[in-house]
Amino acid sequence: MSAGAILVTGGAGFIGANFVLDWLANEGSPVVNLDQLTYAGNPANLAAAAKDARHVFVKGDVGDRALVGGLLREHRPQAIVHFAAESHVDRSIHGPAEFIQTNVIGTFSLLEEARGYWSGLAGTERGGFRFLHVSTDEVYGSLNGADPAFTETSPYAPNSPYAASKAAADHLVRAYHHTYGLPAITTNCSNNYGPFQFPEKLIPLMIVNALAGKPLPVYGDGLNVRDWLYVADHCAAVRLALRKGRPGETYNIGGRAERTNLEVVRAVCAALDELRPDRAPHAKLIRFVKDRPGHDRRYAMDPRKIEAELGWRPRHGFESALRKTVEWYLDHMDWVNGVTSGAYRDWTELNYGQGGRA
Ligand code: NAD
Ligand code: TYD
């Protein structure tokens with residue numbers, strides 16, 4: 001890739017915002033950031049880039065073809081990095097329609113506009129263009145305890161509406177490369193954690209609830225396993241895949257940090273016990289609640305391809321990065337209070353309150 005602008009979608013969300021800030025800190029080129037600002041998108045995540053002239057924020061839908069086509073013609077990006085999605089499994093169980101709209105139809109629209117734009121490029125601009133689609137390990141379904149980790153050739157077997165919508169998007173990206181030659185790359189990553197993650201996902205929810213003295217809801221027996229990756233390591237992997245990844249390829253990204261949910265929640269509590277000893281032990285707030293329907297038992301990623309081909313390695317260990325994450329939330333209570341808005345409370349009530357899991 002040369003030094004042109006990039007178009008990032010979903011850059012006001014958790015990983016997208018971390019990526020935009022990381023890009024501006026590490027690369028010279030401008031970022032056009034297209035985000036619809038759903039409940040999960042938060043301009044406060046981008047406060048550090050507010051005065052950076054290289055960052056252009058555009059509020060809008062990835063499915064708005066006129067808008068996307070106009071942005072591509074105006075900014076002539078060298079790459080599109082597609083993060084925008086509905087991303088929460090529990091929400092996809094309560095209301096799958098938005099997941100189909102944004103993750104499937106939105107990705108299709110973006111691919112169509114990208115194809116039209118790329119077809120009109122010539123020379124090095126055309127040769128250097130990349131469409132990078134950010135996806136998840138959940139497209140591969142669920143592992144049992146002794147199964148080997150997912151590789152890039154594992155069969156797709158999505159189990160939740162979220163996972164199915166991401167799988168559909170992955171298939172469209174694959175088809176656009178295979179049929180039209182669009183230089184697309186897909187990265188499938190394991191569970192992320194770190195700054196700016198919306199407190200509906202496990203780790204920030206546990207931190208925010210524990211600080212408020214509220215119950216820490218653990219689904220089922222708490223022995224479901226996820227493979228955790230610090231968000232900065234994911235951002236570094238995406239930047240590497242953009243620069244060195246081969247079009248048409250997919251790359252699995254994971255932290256080699258499998259933990260049961262109970263281990264994760266206890267680690268959050270242990271960090272809080274140290275940092276807020278007056279409230280210790282926080283683990284007394286743990287409550288086992290009704291399981292998530294269709295709850296995948298275990299995810300694990302085999303990252304050997306991206307390690308061998310692109311030289312990527314996670315730089316953060318789970319325990320130290322988790323502690324750093326807990327510290328970040330403690331240091332940013334203004335951000336926490338900002339996101340625990342009315343809409344968020346309505347969701348909490350639906351998922352955990354009357355008629356919900358608790
Ligand atoms: P998020 O929910 O925090 O953020 C999603 C962002 O997309 C928000 O800013 C939202 O406003 C925006 N958005 C939603 N619909 C849009 C639309 N129609 N048009 C434009 N913008 C829209 O999600 P995240 O956790 O940052 O995940 C980002 C991407 O990474 C997603 O594609 C997700 O599937 C993938 N992923 C996430 C994880 C994880 O652990 N969070 C792991 C692997 C892959
Ligand atoms: P989550 O953060 O929603 O990510 P995903 O479902 O995409 O892996 O959940 C991570 C794990 O934590 C998952 O096994 C479900 C579990 N979980 C709980 O036990 N309690 C909770 O309140 C939440 C949100 C998740």
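For ligands, and for the atoms within them, numbers begin at 1 and follow the listed sequence.
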**Prompt:** Tyr193 and Arg226: side-chain donor and acceptor closer than 3.5 Å?
**Reply:** no
**Asked** With distance as the sole test, does Tyr251 use its side chain to make a donor-acceptor pair with the main-chain N or O of Arg246 at under 3.5 Å?
**Response** yes
**Request:** Would you check if the side chain of Ser165 reaches a backbone N or O of Tyr162 as a donor-acceptor pair within less than 3.5 Å?
**Result:** yes
Identify all N/O pairs between ligand 2 and the protein with a separation under 3.5 Å and present them as a table of atom names and distances.
{"from": "ligand 2", "atom 1": "2 (O)", "to": "Leu202", "atom 2": "N", "distance (Å)": "2.8"}
{"from": "ligand 2", "atom 1": "3 (O)", "to": "Arg292", "atom 2": "NH2", "distance (Å)": "3.0"}
{"from": "ligand 2", "atom 1": "4 (O)", "to": "Asn191", "atom 2": "ND2", "distance (Å)": "3.4"}
{"from": "ligand 2", "atom 1": "6 (O)", "to": "Arg292", "atom 2": "NH1", "distance (Å)": "2.5"}
{"from": "ligand 2", "atom 1": "6 (O)", "to": "Arg292", "atom 2": "NH2", "distance (Å)": "3.2"}
{"from": "ligand 2", "atom 1": "7 (O)", "to": "Glu138", "atom 2": "OE2", "distance (Å)": "2.4"}
{"from": "ligand 2", "atom 1": "8 (O)", "to": "Asn191", "atom 2": "ND2", "distance (Å)": "2.9"}
{"from": "ligand 2", "atom 1": "8 (O)", "to": "Arg226", "atom 2": "NE", "distance (Å)": "2.8"}
{"from": "ligand 2", "atom 1": "12 (O)", "to": "Asn261", "atom 2": "ND2", "distance (Å)": "3.4"}
{"from": "ligand 2", "atom 1": "14 (O)", "to": "Arg226", "atom 2": "NH2", "distance (Å)": "3.2"}
{"from": "ligand 2", "atom 1": "14 (O)", "to": "Asn261", "atom 2": "ND2", "distance (Å)": "2.9"}
{"from": "ligand 2", "atom 1": "14 (O)", "to": "His295", "atom 2": "NE2", "distance (Å)": "2.6"}
{"from": "ligand 2", "atom 1": "19 (O)", "to": "Tyr219", "atom 2": "N", "distance (Å)": "2.9"}
{"from": "ligand 2", "atom 1": "20 (N)", "to": "Pro217", "atom 2": "O", "distance (Å)": "2.8"}
{"from": "ligand 2", "atom 1": "22 (O)", "to": "Pro217", "atom 2": "O", "distance (Å)": "3.3"}
{"from": "ligand 2", "atom 1": "22 (O)", "to": "Tyr352", "atom 2": "OH", "distance (Å)": "2.8"}

**Message:** Please check if the number of heavy atoms outside Arg174 that lie under 6.0 Å from its CZ is greater than 12.
**Reply:** no
**Asked** Does the cation-pi check pass for Arg259 over Trp228, that is, NZ or CZ under 6.0 Å from the six-membered ring centre and within 45° of its axis?
**Response** no
**Prompt:** Do we see a donor-acceptor contact under 3.5 Å between the side chains of Asp291 and Asn224?
**Reply:** no
**Item:** Check: Arg297 main-chain N/O paired with Ser142 side-chain donor or acceptor under 3.5 Å
**Value:** yes
**Request:** Taking atom types as modelled, find out whether Asp296 and Tyr140 have a side-chain donor-acceptor pair closer than 3.5 angstrom.
**Result:** no
Under 3.5 Å, N/O to N/O: give me all the pairs between ligand 1 and the protein, one per line with atom names and distance.
{"from": "ligand 1", "atom 1": "2 (O)", "to": "Ser87", "atom 2": "OG", "distance (Å)": "2.7"}
{"from": "ligand 1", "atom 1": "3 (O)", "to": "Phe14", "atom 2": "N", "distance (Å)": "3.1"}
{"from": "ligand 1", "atom 1": "9 (O)", "to": "Gly13", "atom 2": "N", "distance (Å)": "2.9"}
{"from": "ligand 1", "atom 1": "9 (O)", "to": "Asp35", "atom 2": "OD1", "distance (Å)": "3.2"}
{"from": "ligand 1", "atom 1": "9 (O)", "to": "Asp35", "atom 2": "OD2", "distance (Å)": "2.5"}
{"from": "ligand 1", "atom 1": "11 (O)", "to": "Asp35", "atom 2": "OD1", "distance (Å)": "2.6"}
{"from": "ligand 1", "atom 1": "11 (O)", "to": "Leu37", "atom 2": "N", "distance (Å)": "3.4"}
{"from": "ligand 1", "atom 1": "11 (O)", "to": "Thr38", "atom 2": "N", "distance (Å)": "3.0"}
{"from": "ligand 1", "atom 1": "11 (O)", "to": "Thr38", "atom 2": "OG1", "distance (Å)": "3.1"}
{"from": "ligand 1", "atom 1": "18 (N)", "to": "Gln36", "atom 2": "OE1", "distance (Å)": "3.0"}
{"from": "ligand 1", "atom 1": "18 (N)", "to": "Asp61", "atom 2": "OD1", "distance (Å)": "2.8"}
{"from": "ligand 1", "atom 1": "18 (N)", "to": "Thr102", "atom 2": "OG1", "distance (Å)": "3.1"}
{"from": "ligand 1", "atom 1": "19 (N)", "to": "Val62", "atom 2": "N", "distance (Å)": "2.9"}
{"from": "ligand 1", "atom 1": "21 (N)", "to": "Gln36", "atom 2": "N", "distance (Å)": "3.0"}
{"from": "ligand 1", "atom 1": "23 (O)", "to": "Ser87", "atom 2": "OG", "distance (Å)": "3.2"}
{"from": "ligand 1", "atom 1": "26 (O)", "to": "Phe14", "atom 2": "N", "distance (Å)": "3.3"}
{"from": "ligand 1", "atom 1": "26 (O)", "to": "Ile15", "atom 2": "N", "distance (Å)": "2.7"}
{"from": "ligand 1", "atom 1": "32 (O)", "to": "Phe83", "atom 2": "O", "distance (Å)": "2.9"}
{"from": "ligand 1", "atom 1": "32 (O)", "to": "Lys166", "atom 2": "NZ", "distance (Å)": "2.6"}
{"from": "ligand 1", "atom 1": "34 (O)", "to": "Tyr162", "atom 2": "OH", "distance (Å)": "2.7"}
{"from": "ligand 1", "atom 1": "34 (O)", "to": "Lys166", "atom 2": "NZ", "distance (Å)": "3.1"}
{"from": "ligand 1", "atom 1": "40 (O)", "to": "Asn192", "atom 2": "N", "distance (Å)": "2.8"}

**Request:** Mark yes or no for whether Asp273, through its side chain, and His282, through its backbone, hold a donor-acceptor pair below 3.5 Å.
**Result:** yes
